[in-house]
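Down below is the structure, laid out as structure tokens.
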Amino acid sequence: MTELVGTKDCPLCAESIRAAAKVCPHCRHWQSKWSLQNPQVGATIWLAVMMIAIVGVGIFAEQLLGPGRSFASYQDQIAVRESQLSHRMGSSNLLVTVVGVVTNRSEFGWKEVTLEAQMFDDDGALIDVISHSSGYAGVTVGPHGQSGFKIEGRAAHEESSYASHKVSIRWAKDINDWP
């Protein structure tokens with residue numbers, strides 16, 4: 001029967017089928033891989049269109065919600081207005097605590113403001129540093145606003161060694177940044 005004009009062998013099962021057949025009647029194999037009627041081609045095209053749509057939505061969202069203002073451009077407008085150093089005994093350790101107020105003179109709000117307190121001895125030598133612990137969300141300060149802060153850590157030296165301190169703002173994130 002394979003010698004009849006108008007027949008061919010199925011490439012998958014090798015059964016003789018009509019030359020015009022789109023699907024082998026024996027094994028259901030599509031004879032044309034690129035036919036738009038082939039469900040695999042349709043699924044591949046649908047998947048490609050969905051991936052392009054997802055990437056497009058992601059790019060749009062990044063433009064809409066993406067990285068906000070750079071803190072470096074506004075760092076001089078955010079300052080520690082006042083701060084106080086104190087000590088207290090924790091459960092078994094001496095703790096150093098710095099409390100104070102951060103002011104924002106810019107027209108933009110900032111979140112996750114990260115502070116670092118440096119402590120010095122009588123000679124001006126750096127003896128201890130405390131900052132927000134990882135996982136701490138930091139301070140949020142609105143435009144032309146102020147916010148209180150408290151940072152605390154274990155003392156590295158005895159209380160009498162701490163003569164002075166300085167608090168610096170290390171980093172902040174635009175309040176409109178996502179998330």
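Small disclaimer: the values here were computed from a predicted structure and weren't measured.
- Of all heavy-atom pairs spanning Gly109 and Asp174, the tightest one is O-OD1, 3.8 Å.
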Residues Lys173, Phe71; criterion side-chain contact (heavy atoms from CB on, under 4.5 Å); working and verdict: CA-CA 6 Å; Lys173 189 175 184 181; Phe71 173 67; over 6 Å; no

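- Closest approach of Asp122 and Ala163 over heavy atoms only: OD1-CB, 3.1 Å.
- Proximity of a side-chain donor or acceptor of Arg69 to a complementary backbone N or O of Asn176 within less than 3.5 Å is not detected.
- There is no path of hydrophobic side-chain contacts, each under 4.5 Å, that joins Val99 to Ile169.
- Side-chain atoms of His29 do not come within 3.5 Å of backbone N or O of Cys10 as any donor-acceptor pair.
- The two residues Met119 and Ile130 make their nearest non-hydrogen contact at CE-CG1, 3.8 Å.
- Of the possible polar contacts, none joining the Ser147 side chain to the Val102 backbone as a donor-acceptor pair under 3.5 Å is found.
- For the pair Ser83 and Lys166, the minimum side-chain heavy-atom distance is 4.5 Å or more.
- Of all heavy-atom pairs spanning Thr97 and Arg88, the tightest one is OG1-NE, 4.4 Å.
- Here the side chain of Glu82 pairs no donor or acceptor atom with the backbone of Val80 at under 3.5 angstrom.
- Interatomic distance, His165 NE2 to Leu85 CG, rounded to the nearest 0.5 Å: 5.5 Å.
- Taking CE of Met89 as the start and CD of Glu159 as the end, the distance is 10.0 Å to the nearest 0.5 Å.
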Stepwise side-chain contact (heavy atoms from CB on, under 4.5 Å) check, Ile175 with Trp110: CA-CA 5 Å; Ile175 202 164; Trp110 300 95; 5.8 Å; no

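- Hydrophobic clustering, with ILVMFWY side chains joined whenever heavy atoms are under 4.5 angstrom apart, keeps Val98 apart from Trp171.
- Clustering ILVMFWY residues whenever any of their side-chain heavy atoms sit less than 4.5 angstrom apart, transitively, puts Tyr74 in a cluster other than the one holding Val101.
- Taking a 6.0 Å sphere around CD of Gln40, one finds it holds 12 or fewer heavy atoms contributed by other residues, nucleotides or ligands.
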Stepwise side-chain contact (heavy atoms from CB on, under 4.5 Å) test for Leu12 and His26: CA-CA 10 Å; Leu12 187 65; His26 305 287; over 6 Å; no

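- The line from OG of Ser168 to CD of Gln118 is 5.0 Å long, rounded to the nearest 0.5 Å.
- In this structure, Ser106 OG and Gln75 CD are separated by 12.0 Å, a value rounded to the nearest 0.5 Å.
- Surrounding CE of Met51 are at most 12 heavy atoms belonging to other residues, nucleotides or ligands under 6.0 Å away.
- Considering every non-hydrogen atom in both Ala156 and Ile127, the closest pair reads CB-O, 4.1 Å.
- Arg170 meets the salt bridge (charged side-chain N to carboxylate O under 4.0 Å, His left out) test with Glu116; sequence neighbours excluded.
- Remark: the backbone N or O of Asp123 is paired with a side-chain donor or acceptor of Asp121 at under 3.5 angstrom.
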Verdict with reasoning, Phe149 to Val167, per side-chain contact (heavy atoms from CB on, under 4.5 Å): CA-CA 11 Å; Phe149 69 87; Val167 180; 4.0 Å; yes

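- Formation of a donor-acceptor pair under 3.5 Å by the Asp128 side chain with backbone atoms of Ala155 is not found in this model.
- The CD atom of Glu107 lies 10.0 Å from the CG atom of Asn104; values are rounded to the nearest 0.5 Å.
- No single ILVMFWY cluster, assembled from side-chain heavy atoms under 4.5 Å apart, contains both Phe120 and Leu95.
- The heavy-atom pair separating Ala172 from Val113 by the smallest distance is CB-CG2, 3.9 Å.
- Between Ser131 and Ile151 there is no side-chain heavy-atom pair separated by less than 4.5 Å.
- In the displayed structure, Gln84 atom CD is contacted under 6.0 Å by at most 12 heavy atoms of other residues, nucleotides or ligands.
- Annotation: the span from Ser92 atom OG to Arg154 atom CZ amounts to 7.5 Å, rounded to 0.5 Å.
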